[in-house]
Amino acid sequence: MLSAVNTFESALGSSLTAAALYDSSSYTAAQLNVYKTDWSNLPPGAINFSRPGITLSQLTTASQISAFNALAQVALSSAGYTDFQGVLAADDYLGYTQNANGYGADLYHVAFVGTPTQTGLWTLMFGGHHMAFNITFDQGCAYPTPHHIGVEPRTSFTANNATSYNYYTSATYKVLATKASAMLAIFTNLSSTELSSAFLSGQTFNDILIGPVEANTGSYSNVTTKFNAIAASSNRGVLVSSLSSSEQALVTAAIQQYINDYDSATATRLLSDYEAGYGSTYVAWANSSGTFSSSGPDVATSGTYVRIDGPRVWIEIAIQNGIVIQGQTHYHMMFRDKTYDYYNELGT
């Protein structure tokens with residue numbers, strides 16, 4: 001990882017490196033924590049703070065672009081990098097094929113919060129509309145949450161060459177479809193009784209429940225408040241431990257869709273911890289009416305909501321109407337670790 005960081009910083013030069021790096025010796029821990037929480041699911045024109053670091057538009061040489069892509073490939077697994085490229089391609093599609101202002105891959109950011117070292121504590125951030133990779137490293141070990149990802153359009157689209165295919169290839173994309181399919185498979189394979197038990201009756205969701213609620217605060221308190229309210233709820237869904245082994249395997253497969261965006265050691269460590277908590281892990285879903293329907297969740301319908309809620313793991317998907325592309329839904333997804341978001345560095 002450090003080799004890729006060093007190569008990227010060398011390609012950037014001193015001025016751009018200074019803009020991308022929030023050095024531990026130059027900022028207090030409280031200041032660094034605020035930068036760590038400066039992420040959002042919204043495009044830059046819709047937030048009241050600036051994402052940290054530099055934008056892809058500032059990468060103007062072939063060596064800078066190549067070093068950035070190499071950094072992303074090292075930080076993420078092959079699956080994670082595929083999602084990363086797909087989200088960038090989708091935002092260029094919105095900005096340049098659909099001609100929507102305020103969208104485009106060149107508006108995405110990269111930042112180092114804290115000083116990258118092999119043994120120290122620091123965070124790598126890739127962020128923009130529909131993307132927040134927040135990977136904290138300590139002693140060379142990765143803690144990859146909170147992680148937000150989303151995409152519009154939900155269906156297939158052909159990449160636009162607005163950024164000269166610098167960050168993704170010329171292709172037809174259908175981004176995040178496997179993540180959504182894996183989550184929905186949990187519910188389509190439940191019995192009718194289990195599907196009813198998993199339904200969050202009377203609850204509706206117009207977005208992910210625990211998105212960037214801590215944005216620009218440097219504090220985890222808003223997130224903790226949300227999780228505490230859920231823990232106190234009388235209906236959290238159906239317990240995973242009550243499901244059959246084949247049904248539990250589908251929960252595991254859905255979790256793997258998110259943890260496998262990172263290196264295999266990190267994914268293996270997280271999966272072991274999350275599976276150990278199945279006795280207190282719930283799967284739940286909702287629809288736009290708040291009234292149970294035996295048809296279950298549907299990604300083509302706005303207001304559809306699904307989640308996995310464990311002692312540590314939190315994965316949720318909310319289905320919204322299109323913002324740019326009318327008449328079609330799109331995904332917002334959130335992966336959190338209730339214990340190790342930000343490596344538990346926000347003082348909770």
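This structure is a prediction, so every number in the text was calculated from the model and none was measured.
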Checklist entry - Side chains of Thr225 and Asn228: donor-acceptor distance under 3.5 Å anywhere? => result no

Checklist entry - Would you say the side-chain atoms of Ser25 and Asp23 include a donor-acceptor pair closer than 3.5 Å? => result yes

Next on the checklist: Looking at every non-hydrogen atom in both residues, tell me the closest pair between Leu184 and Pro297 and how far apart they are.
Outcome noted: CD2-O, 3.9 Å

Checklist outcome for this item: To the nearest 0.5 Å, atom CG of Asn33 lies from atom CD of Glu345 at 7.0 Å

Checklist entry - Do Val299 and Tyr331 have side-chain heavy atoms sitting under 4.5 Å apart? => result yes

Item to check | Ring geometry between Tyr343 and Tyr340 (parallel below 30°, tilted from 30 to 60°, perpendicular above 60°) | outcome: parallel

Item to check | Ring centre gap for Phe126 and Phe84 strictly below 6.0 Å | outcome: yes

Next on the checklist: Is it true that Arg154 and Thr329 share a donor-acceptor pair across their side chains at a distance under 3.5 Å?
Outcome noted: yes

Next on the checklist: Same cluster or not: Phe205 versus Met183, using hydrophobic residues (I, L, V, M, F, W, Y) connected whenever any side-chain heavy atoms lie under 4.5 Å apart?
Outcome noted: no

Checklist entry - Step by step, would you call Val240 with Tyr282 a side-chain contact (heavy atoms from CB on, under 4.5 Å)? => result CA-CA 6 Å; Val240 173; Tyr282 299 82; over 6 Å; no

Next on the checklist: Would a single hydrophobic cluster contain both Val283 and Ile230, if residues Ile, Leu, Val, Met, Phe, Trp and Tyr are joined by side-chain heavy-atom contacts under 4.5 Å?
Outcome noted: no

Item to check | Pair Asp337-Tyr143, side-chain donor/acceptor within less than 3.5 Å | outcome: no

Checklist entry - Does Gln118 offer a backbone N or O that forms a donor-acceptor pair with the side chain of Gln139 under 3.5 Å? => result no

Checklist entry - With distance as the sole criterion, is a donor-acceptor pair present between the side chains of Tyr103 and Asp91 under 3.5 Å? => result no

Checklist entry - Going through the distances and angles, do Thr123 and Thr136 end up as a side chain to side chain donor-acceptor pair (under 3.5 Å)? => result CA-CA 4 Å; Thr123 300; Thr136 299; 3.0 Å; yes

Checklist entry - With hydrophobic residues grouped by side-chain heavy-atom distances under 4.5 Å, do Leu59 and Met125 end up in a single group? => result no

Checklist entry - What about the rings of Tyr258 and His147, do their centers lie closer together than 6.0 Å? => result no

Checklist entry - Do Thr217 side-chain atoms and Ser219 backbone N/O form a donor-acceptor pair below 3.5 Å? => result yes

Checklist entry - Which atoms form the tightest heavy-atom contact between Gly102 and Leu107, and what is the distance? => result O-CD1, 3.4 Å

Checklist entry - According to a 4.5 Å side-chain heavy-atom criterion applied to Ile, Leu, Val, Met, Phe, Trp and Tyr, with indirect links allowed, do Trp314 and Leu346 form part of one hydrophobic cluster? => result yes

Checklist entry - With the threshold set at 4.0 Å, does a side-chain nitrogen-carboxylate oxygen contact exist between Lys179 and Glu316? => result no

Next on the checklist: Let's go through Leu176 and Ile149 carefully: what are the C-alpha distance in whole Å and the side-chain angles of both, what is the deciding distance for side-chain contact (heavy atoms from CB on, under 4.5 Å) to 0.1 Å, and is it a yes or a no?
Outcome noted: CA-CA 9 Å; Leu176 305 184; Ile149 198 161; 3.9 Å; yes

Item to check | Pair Asn161, Tyr96: side-chain N/O donor-acceptor within cut-off below 3.5 Å | outcome: no

Checklist entry - Are the side chain of Ser272 and the backbone of Thr268 linked by a donor-acceptor contact shorter than 3.5 Å? => result no

Checklist entry - Should Pro144 and Phe133 count as side-chain neighbours, where that means a heavy-atom distance under 4.5 Å? => result no

Checklist entry - Just wondering, do Arg307 and Ile317 contact through their side chains at under 4.5 Å, heavy atoms? => result no

Item to check | Side-chain touch Phe112/Tyr35, heavy atoms, less than 4.5 angstrom | outcome: no

Checklist entry - Between Leu12 and Phe68, is there a shared hydrophobic cluster once you connect ILVMFWY residues whose side-chain heavy atoms come closer than 4.5 Å? => result yes

Next on the checklist: Measuring only between side-chain heavy atoms, which start at C-beta, is Tyr167 closer than 4.5 Å to Leu56?
Outcome noted: yes

Next on the checklist: So which atom in Ala215 and which in Trp39 form the shortest heavy-atom distance, rounded to 0.1 Å?
Outcome noted: CB-O, 3.8 Å

Item to check | Test item: Gln64 side-chain N/O and Thr61 main-chain N/O as donor-acceptor pair under 3.5 Å | outcome: yes

Below 3.5 Å, can you tabulate the donor-acceptor pairs from side chains in residues 2-9 to any protein atom, sequence neighbours excluded?
from: Asn6; atom 1: ND2; to: Leu2; atom 2: O; distance (Å): 3.2
from: Thr7; atom 1: OG1; to: Ser3; atom 2: O; distance (Å): 2.9

Checklist entry - Taking C-beta and beyond as the side chain, do Gln328 and Thr155 meet within less than 4.5 Å on heavy atoms? => result yes

Next on the checklist: Side chains of Asn160 and Thr97: any donor to acceptor distance under 3.5 Å?
Outcome noted: yes

Checklist entry - Looking just at side-chain N and O atoms, do His332 and His130 make a donor-acceptor pair shorter than 3.5 Å? => result yes

Item to check | 4.5 Å side-chain heavy-atom contact, Thr55 and Tyr108 | outcome: no

Checklist outcome for this item: Of all heavy-atom pairs linking Ala286 and Leu200, the shortest is CB-CB, 4.4 Å

Item to check | Asp298 backbone acceptor or donor facing Thr304 side chain under 3.5 Å | outcome: yes

Checklist entry - Does a side chain donor of either Thr117 or Thr115 reach within less than 3.5 Å of an acceptor in the other side chain? => result no

Next on the checklist: Can you see whether Phe227 has Lys338 sitting over its ring - NZ or CZ less than 6.0 Å from the centre and within 45° of the normal?
Outcome noted: yes

Item to check | Residue that, paired with Glu214, satisfies salt bridge (Lys or Arg N to Asp or Glu O under 4.0 Å) out of Lys36, Arg336, Lys226 | outcome: Arg336

Next on the checklist: I'd like to know whether Asn166 forms a side chain to side chain donor-acceptor pair (under 3.5 Å) with Thr163, so could you lay out the CA-CA distance, the side-chain angles of the two residues, the decisive distance to 0.1 Å, and finally the verdict.
Outcome noted: CA-CA 6 Å; Asn166 285 329; Thr163 46; 5.8 Å; no

Next on the checklist: Could you check whether any side-chain N or O of Ser196 sits under 3.5 Å from a backbone N or O of Ser192, counting only pairs where one atom can act as donor and the other as acceptor?
Outcome noted: no

Checklist entry - Is the closest side-chain donor-acceptor distance between Asp261 and Ser77 under 3.5 Å? => result no

Next on the checklist: For a quick test of reading the model, state the closest non-hydrogen atom pair linking His330 to Val151 and the distance between them.
Outcome noted: CB-O, 3.0 Å

Next on the checklist: Whether the side chain of Asp83 engages the backbone of Val87 through a donor-acceptor N/O pair (distance < 3.5 Å, no angle test) should be reported.
Outcome noted: no

Checklist outcome for this item: In short, Ser302 meets Ser288 closest at the heavy-atom pair O-CB, 3.5 Å

Item to check | N-O pairing of Arg51 and Asp38 below 4.0 Å | outcome: no

Item to check | Donor-acceptor under 3.5 Å (Gln31 side chain, Tyr27 main chain) | outcome: no

Next on the checklist: Testing the 3.5 Å rule here: is there a donor-acceptor pair between the side chains of Ser233 and Asn235?
Outcome noted: no

Next on the checklist: Between Thr193 and Ser191, do the side chains contain a donor N or O and an acceptor N or O under 3.5 Å apart?
Outcome noted: no

Checklist entry - Can the ring centroids of Trp285 and Phe199 be said to lie less than 6.0 angstrom from one another? => result yes

Checklist entry - Are side-chain N/O atoms of Ser244 and Glu247 paired as donor and acceptor at under 3.5 Å? => result yes

Checklist entry - Do Ile259 and Val313 come close enough that some side-chain heavy atom pair is under 4.5 Å? => result no

Checklist entry - Can you check whether Tyr93 and Tyr173 have ring centres sitting under 6.0 Å from each other? => result no

Checklist entry - Looking only at atom types and distance, does a side-chain atom of Glu194 sit under 3.5 Å from a main-chain N or O of Val238, one as donor and one as acceptor? => result no

Next on the checklist: Pair Asn41, Asp207 - check side-chain contact (heavy atoms from CB on, under 4.5 Å), show working.
Outcome noted: CA-CA 10 Å; Asn41 59 296; Asp207 202 350; 3.9 Å; yes

Item to check | Verdict with reasoning, Tyr278 to Leu239, per side-chain contact (heavy atoms from CB on, under 4.5 Å) | outcome: CA-CA 7 Å; Tyr278 277 1; Leu239 271 172; over 6 Å; no

Checklist entry - Is a side-chain N or O of Asp138 found less than 3.5 angstrom from the main chain of Cys141, in a donor-acceptor match? => result no

